[in-house]
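Below is one structure, written out as structure tokens; comments come after it.
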Protein chains: 2
Amino acid sequence: MSTRPAYLTATLAKGLDVLEALSEVEETGLSELARRLGVSGPTLFRILATLAARGYVQKSAASRYRLTLKAWEIGAKTVRRIRLRDVARPFMERLAAATGETVHLSVMQGDGIVIVDKIDSPHPVRVDTFVGQRAPAYCSATGKAILAFLPSASLADILPRSYARHTAATIADRAAFERELADVRRTGWAKNREEWRDGVCAAAVPLFDSSGAVAASLSVTVPTPRFTQSALREKLVPALKKTGAALTDEFARARG
Amino acid sequence: MSTRPAYLTATLAKGLDVLEALSEVEETGLSELARRLGVSGPTLFRILATLAARGYVQKSAASRYRLTLKAWEIGAKTVRRIRLRDVARPFMERLAAATGETVHLSVMQGDGIVIVDKIDSPHPVRVDTFVGQRAPAYCSATGKAILAFLPSASLADILPRSYARHTAATIADRAAFERELADVRRTGWAKNREEWRDGVCAAAVPLFDSSGAVAASLSVTVPTPRFTQSALREKLVPALKKTGAALTDEFARARG
DNA sequence: TTGCGGCATTTCAACATTCGAAATAGGCTT
DNA sequence: AAGCCTATTTCGAATGTTGAAATGCCGCAA
């Protein structure tokens with residue numbers, strides 16, 4: 001291609017493509033993957049050989065390829081640097097006990113949020129989520145709780161130019177979203193009523209660091225049938241606000 | 001260099017070097033990192049630009065670089081495929097309650113083990129570990145529990161050619177290690193008495209899948225003062241064996 | 001057993017990409 | 001204002017990457 005910026009290394013990008021593609025499947029063969037990525041056999045062969053030599057990929061005797069946990073190990077060292085995680089654990093447990101619902105701790109990453117810790121609801125009907133999962137910020141309670149309290153300078157970079165529709169309830173334009181954020185600022189908590197995935201609702205509060213900047217978000221994720229006005233009013237929102245405030249206090253204290 | 005195998009892509013390898021180097025530090029500048037890795041400024045600049053464009057690295061206004069959670073997200077999708085993890089959770093909780101010690105679920109990866117889930121001991125004196133942490137297989141209880149039950153074909157690839165000494169107690173030669181594995185096979189559980197880190201002991205049992213192959217290991221990690229003969233005999237080993245057997249049963253059942 | 005078809009691997013010469021020296025730009029300190 | 005350090009851009013040289021084609025390997029069908 002002629003318009004590719006000259007300051008990017010194409011070979012590395014291709015390697016990352018492979019890593020990402022492999023993360024989507026359990027296992028794959030060389031030519032299948034080559035077809036999917038649109039690279040030639042020999043090229044992919046070399047990339048896979050390199051990734052395997054470095055321990056990112058495992059090659060079976062039958063030349064089937066799968067990811068190892070190497071990327072995860074690297075990431076684990078990164079997550080561990082999020083101090084809030086350790087501080088938050090007991091508060092999350094308290095919130096889980098008080099609500100009986102799945103509790104998430106999430107941070108902003110790029111234009112989405114990533115779940116960095118969770119406690120599962122004991123309820124047999126619960127939402128399937130996992131630590132490490134990403135969601136678009138603009139259609140998750142967690143994302144809104146954070147976005148609403150970001151300085152407008154940072155916000156500008158993050159606000160989606162296109163509000164892709166994921167469900168019937170997805171907020172699909174800028175004006176409506178601005179109104180939503182204003183609501184969050186006014187009430188102190190954010191909600192998501194099936195805006196990303198059908199059947200999945202959530203409520204979230206922001207968490208602040210000692211400088212007063214929003215650092216993360218604490219949320220409860222609930223199947224629609226249990227996400228009633230009365231549950232919110234009497235249980236979820238009070239518990240969230242109380243735990244969120246206590247955690248923000250503790251976090252500010254923990255680092256002086 | 002002249003002796004580099006021609007079927008590896010050097011540029012990708014360099015990018016992985018950068019990823020790995022960044023995982024070791026909170027944050028770094030370009031030239032500092034270039035010095036450490038022995039690459040030229042412009043080269044590193046391009047690599048970092050590529051990694052940033054792909055979302056693996058974040059570049060601050062002051063041109064400081066740090067990893068994002070992207071690698072972790074990719075890894076999370078990989079870990080999620082380890083079915084045993086979900087099945088094991090309640091058993092781990094039971095074991096944690098029965099022993100009051102930190103419980104780990106670990107799998108083999110390359111020549112080491114990686115902790116894929118854990119429950120912290122409530123005890124104020126406890127060992128600092130984290131999910132995603134790696135340890136050499138030959139000097140961890142977990143590793144020995146798995147190695148002891150691996151088919152000898154796989155074992156040959158994994159057994160270290162050099163038994164690097166980490167502490168005074170590290171098993172440092174092949175013969176002694178073979179004896180150790182024989183012991184594990186005979187007794188059904190493995191121990192580690194400060195062989196990797198001073199002050200850290202552990203006991204572990206293997207977990208098997210429905211085909212009877214060793215799939216993972218369940219362990220308790222304990223500070224040396226609490227790792228007494230009587231604690232082992234009366235509490236740790238019985239609880240481990242009981243939970244391990246029950247979990248292996250359940251796991252076999254879960255997949256037919 | 002042979003032959004066919006699909007996949008993986010290796011070879012190799014053409015070529016695009018990456019390389020680093022050097023020049024430029026931007027900060028911060030003295 | 002001068003000096004120093006780091007980040008970024010430029011650009012020609014050369015190195016690394018590329019894919020077509022050849023080869024090897026395996027399983028399957030005849």
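Throughout, protein chains are lettered first and strands after them, A, B, ... in sequence-line order, and every chain is numbered starting at 1. Quick caveat: nothing in here was measured; it's all calculated off a predicted structure.
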Is there a side-chain polar atom (N or O) of [X] under 4.0 Å from OP1 or OP2 of [N]?
{"X": "Thr43(B)", "N": "dT18(C)", "value": "no"}
{"X": "Lys14(A)", "N": "dT18(D)", "value": "yes"}
{"X": "Thr11(A)", "N": "dT18(C)", "value": "yes"}

List, with names and distances, any nitrogen or oxygen atoms from the protein found under 3.5 Å away from nitrogen or oxygen atoms belonging to nucleotides 24-28 of chain D.
none

query: Does the Arg54(B) side chain pair with the main chain of Leu16(A), one donor and one acceptor, at a distance under 3.5 Å?
result: no
message: Using modelled atom types and a 3.5 Å cut-off, is there a donor and acceptor pairing between side-chain atoms of Thr50(A) and backbone atoms of Thr9(B)?
response: yes
task: State, with a plain yes or no, whether a side-chain heavy atom of Leu69(A) is found less than 4.5 Å away from one of Val107(B).
output: yes
query: Quick one: does Arg197(B)'s side chain get under 4.5 Å of His166(B)'s, heavy atoms only?
result: no
Salt bridge or not between [X] and [Y]? Use side-chain N to carboxylate O under 4.0 Å.
{"X": "Arg36(B)", "Y": "Glu32(B)", "result": "no"}
{"X": "Glu73(B)", "Y": "Lys77(B)", "result": "no"}
{"X": "Glu27(B)", "Y": "Arg81(A)", "result": "no"}

Between protein and nucleic acid, restricted to nucleotides 6-11 of chain C and to nitrogen or oxygen atoms under 3.5 Å apart, what atom pairs and distances do you find?
from, atom 1, to, atom 2, distance (Å)
dA8(C), OP1, Leu30(A), N, 2.8
dA8(C), OP2, Ser31(A), N, 2.6
dA8(C), OP2, Ser31(A), OG, 2.7
dA8(C), O3', Ser63(A), OG, 3.1
dT9(C), OP1, Lys59(A), NZ, 2.7
dT9(C), OP1, Ser63(A), OG, 3.0
dT9(C), OP2, Tyr65(A), OH, 3.2

- prompt: Should the pair Phe177(B) and Tyr163(B) be assigned to parallel (<30°), tilted (30 to 60°) or perpendicular (>60°) ring geometry?
  reply: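 Phe177(B) and Tyr163(B): tilted rings.
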